[in-house]
Amino acid sequence: MPVQVMSEGAGLSTQVPSHLSRIPISLISTSTDCCNKTVKGTVLSKGPLVSLAADRCILKAVIEEEDSQQNASSINVVLMGELAKDFNQAVNQGDVTVVSGFSVGKSPTALKDKFHPFNLLLSGDDACIYVSRRRPPPDPRYPLAVKRSCDLSAEASREKKASKYTYVRLDELKPKMVVNVYGVVVFFKQPFKSCGTDYCTSLKITDQSNSMIYCTIFKERLQDHPEIFQMGDIIRMHRVKTNYFNQSITLINTFGFSVLTFDGEEGEDVVPRTSSRSFHFDQEDRRIVDELRSWATKQSIVPSVPKIPLSGVQPNVFFDLTCQLLAKAPMDATCTLLRVWDGTRCPHSLVKVMVEPAITEGPSSFSTERESLIANVLIYDNHVEFAQQLKPGDFLRIYNLRAFPASSKVPELAAAPSGGAEPLAFQLHGGTSYGRGIRILPESSRAVQDLKRAFQALPECDDLNDSAMMEIWSTPPEFPQDAERVECCTERLCHHDTQLAALSELKRSDPGRVHHVRVQLRSYEPRRLHQALKLHCGKCLSMQDVPDDEQVAAVFSEASRDSGRCSPPPWMVSGQVGIPAASQGSWKREPSVHLSRTLLCESKAKALLFIMGSTLEETCRLASGYENIIPLRSSGGHMTLLDLSAPFLFRGRKRYYGCRRCSEAAVREPCAEGAQQIDERLIAEALGVQLLKFVLLMKLELQDATGTLEVFLWRDAELFFKVSAEEAAANQEAQNSIRQTMESLCPPGGSTGERPWLDLCLTAYRGEDDRGHHQTCYQICQSTITNPPCPQSNPQPPGQRSSLQHA
DNA sequence: GCTTAGGGTTTG
């Protein structure tokens, strides 16, 4: 066993085999004789387990020599294969390790991480790691972690399981660590678009050590950001790295980052907020949250943000407003109006903003009574984009909203028309200073529950005529149903006698049914369309990615290395083909080629060519001159097909693959007698290859007024796009057509309002997720785009012909 | 395994 964990508290020195001798990290170099040597160190950080290929794993860790406290030296350790997996399972930050059976390599990250110029490489049978779990007497560098693990040991004796994670107290952070931390949020900004590829969340946290630590989270997807609702929330972050900036330690997310947040209110349930499908959370986490809550409450370290309802607003106050969106309308490119309420009445009259009903989303008018409770909020600049995504009915918190006395701009308004106090407008200024931003609050949140109670407590005002409110609160139909009014850019080709259903309704019904929906496309995956192309086996039903050229070229290159002689079967006529050199000075190569004698006699010399010893690039160049090209290799004196991870057949620009599991491939002469043409089916059958079919597989997120739903587009994807997957694999125009379709359904950067409506037929069926759990899946079927974008025809590049010389 | 930001003296 490559990773050996020592019994609790046992000294490592007594358990490491005696023939091994220890060398200090500082003496490691590529000239070190590593035989029977060990290196000892404390695990400073442990990277995530990364899978490189099917069963190849790699994990990087940093260990620090523990004897030289004054002048600690750290070195990167790279673990491969099973060892990496075992290490990932068995070893934690702070554990002491003795490493043996390593080799020394140059550290490619030395300049950046300032660790040792070399690293230790551990792979294969010789590599071994002896581990001693952290135990008292405490290492002064991990006081909190040790304390917690001591506390745990009492629980562990009951549960027989220690917590998987250790958390570093914020005053214990040192540069260049990857750590897990807990903290109380004392400042935050909602995620905003960075100038790079990601959204950025800025926050500042603290804990019982009173250290204030600034954190930055970069994540491409909004749902991967921490769900912070207010200061005082508690955050747990896994795998953040420390960095030194402006004379203080900062934290930034790193690979494998995950985050949970909790309400910071003492006495509230401890419910983790996260979009992660799985996360570790146990009694220990509950305890840490409780401790932080009661500490923060006693200290009152959390800056008090005025929680002002509309009834408490004063002119020129900046505050966070928790409210419900009733309607919205774009004012201009840099300003959007949100009409919101929180069930309380503002003592000041609220400024009216005139908006055309046609551009209003949600009701354009309300009863007089209701109208008097509605605040008009003007959202500026960078917040407009987010505001565009909001839907009437959403519950919001608007951070750093300003109550603005309208009289300062329009003096005649100072004479208040009603109520006495001067009228107020509300503004959310551009930028992210002071945490300015908007967040949608989930229905389950305490704040939304409170709001709903406030709404229910309102006296019934003449709501019977208030069709506006009905629109907000009513059950479906809440989607456009009138075919005259709404133009859809897809149509259903099925003949089901089914009414349109809202997504929320559909989610409540059982699998095995067909549904008709009218929806918009909210997002889709993959964004890179070539990743949507898959190879599907009709026999074993497996699905695989289409190998890229680099992978295929490697198979060709590997095949041509085996130059052993082999005799072609009697039905072949052999020769050489001269392939023009790709560049000047490069060798003109002459791979051997073979034709079917039968086809040659039938004057069908161009119909089929077997080729051996060519590169991928050469094969492609030849493909324009022959209908079918089958690459071969020599193996043990026989001709065989190449490994089936490469195409077994080239037809013009099209490539065909076989299933590795289901094929029983051998080089045989195809029988073309009576066949219309020699195509991929005929050849696959002759060669014993189970032909893989190109398919398109995408995941679409649909939305209507009642919610969102993830559906697959697969079996009927070709019908949907009016493009065959095989064409898409071979030609750019077909790919362009699919891309244009997706972009027209979901314009990049476009708002909900700009997205066309789609009429779709969905089937609901029982499927399994990655872990084998049953869940209801949805697939788009028998639906098609009605006006596909015009493909731009590109002229085919002229083919390069090669001369064939018969032997 | 690159980059992004790095609170803040707001104001249409």
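Chain A is the first sequence line, chain B the second, and so forth, proteins listed ahead of strands; every chain is numbered from 1. Nothing here was measured: the structure is a model prediction, and the numbers come from that model.
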Measure the distance from OH on A:Y434 to P on B:dT10 and round it to the nearest whole Å.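 Checked: the OH to P distance equals 6 Å.
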
Is A:I252 touching bases, backbone alone, or none of the nucleic acid, heavy atoms closer than 4.0 Å?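 Base contact - A:I252 has a heavy atom under 4.0 Å of at least one base atom.
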
Could you state the CG-P distance from A:N253 to B:dC2, rounded to the nearest angstrom?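 Answer to the nearest Å: 12 Å.
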
Between the base of B:dG12 and the ring of A:Y380 - centre-to-centre under 5.5 Å, planes within under 30° - is that a stack?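 It does: the two rings, one from A:Y380 and one from B:dG12, meet the stacking criterion.
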
Any donor-acceptor pair under 3.5 Å from A:D198 side chain to A:C200 backbone: no

Between the base of B:dT3 and the ring of A:F218 - centre-to-centre under 5.5 Å, planes within under 30° - is that a stack? no

With sugar-phosphate meaning primed atoms plus P, OP1 and OP2, does A:G431 contact a base, only sugar-phosphate, or nothing at under 4.0 Å between heavy atoms? nothing

Checking B:dT9, B:dG7, B:dC2 against the side chain of A:Y214 (C-beta onward), the nearest is B:dG7

Out of B:dT3, B:dA5, B:dG6, which has the shortest distance to the side chain of A:T197?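 Among B:dT3, B:dA5, B:dG6, the one nearest the side chain of A:T197 is B:dT3.
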
Answer yes if the side chains of A:E701 and A:S523 hold a donor-acceptor pair under 3.5 Å, and no otherwise.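 Yes.
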
Measure the distance between the ring centre of A:F187 and the centre of the six-membered base ring of B:dG7, then answer whether it is under 5.5 Å with planes under 30°.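 A:F187 vs B:dG7: stacking yes.
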
Can you tell me how far SG of A:C335 sits from CG of A:L428, rounded to the nearest 0.5 angstrom?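 Answer for the CG-SG pair, A:L428 versus A:C335, is 10.0 Å.
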
With distance as the sole criterion, do the side chain of A:S433 and the base of B:dT10 form a donor-acceptor contact below 3.5 Å?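 It does not, because no donor-acceptor pair links the side chain of A:S433 to the base of B:dT10 below 3.5 Å.
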
Return the nearest nucleotide to the side chain of A:F255; candidates are B:dG12, B:dC2, B:dT4. B:dC2

If stacking means aromatic ring centre less than 5.5 angstrom from the base's six-membered ring centre, planes under 30°, is A:F245 stacked on B:dG6?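 So A:F245 counts as stacking on the base.
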
Between the side chains of A:R397 and A:T322, is a donor N or O closer than 3.5 angstrom to an acceptor N or O?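 A:R397 vs A:T322: donor-acceptor pair found between side chains.
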
Nearest to the side chain of A:D198 - B:dT10, B:dT4, B:dG6?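 The nucleotide sitting nearest to the side chain is B:dT4.
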
Scan A:N246 against the nucleic acid and name what it touches under 4.0 Å (heavy atoms): base, sugar-phosphate only, or nothing.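 No contact.
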
Base of B:dG7, side chain of A:K204 - is there a donor-acceptor contact under 3.5 Å? yes

Gap between atoms CG and P, on A:L251 and B:dT4 respectively (whole Å):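 To the nearest whole Å, that distance equals 18 Å.
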
A:I217 CD1 to B:dT3 P: how many Å, rounded?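 Spelled out: CD1 on A:I217 to P on B:dT3 is 17 Å.
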
Please work out if A:D381 contacts a base, only the sugar-phosphate, or nothing of the nucleic acid, heavy-atom cut-off 4.0 Å. base

With the side chain of A:T334 defined as its heavy atoms from C-beta on, choose the nearest nucleotide among B:dA5, B:dT3, B:dG12. B:dG12

Between B:dG7 (P) and A:H429 (NE2): distance, integer Å: 21 Å

What heavy-atom pair brings A:P175 and A:I249 nearest, and what distance separates the two atoms? N-CD1, 3.5 Å

Specify the closest pair of heavy atoms between A:V178 and A:S45, including all atoms of both residues, with the distance to one decimal.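 That closest heavy-atom pairing would be N-CB, 3.7 Å.
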
Between B:dT3 atom C1' and A:K193 atom NZ, what is the distance in whole Å?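 From A:K193 NZ to B:dT3 C1': 16 Å.
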
When the distance from CD1 of A:I379 to C1' of B:dT10 is rounded to whole Å, what number comes out?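 About 15 Å, once rounded to whole Å.
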
Nearest-angstrom distance from the residue atom CG of A:L203 to P of B:dG7: 12 Å

Between B:dT4, B:dG6, B:dA5, which one does the side chain of A:C200 approach most closely? B:dA5

Proximal nucleotide (of B:dG7, B:dT3, B:dC2) relative to the A:K189 side chain: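 The listed nucleotide nearest to A:K189's side chain is B:dG7.
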
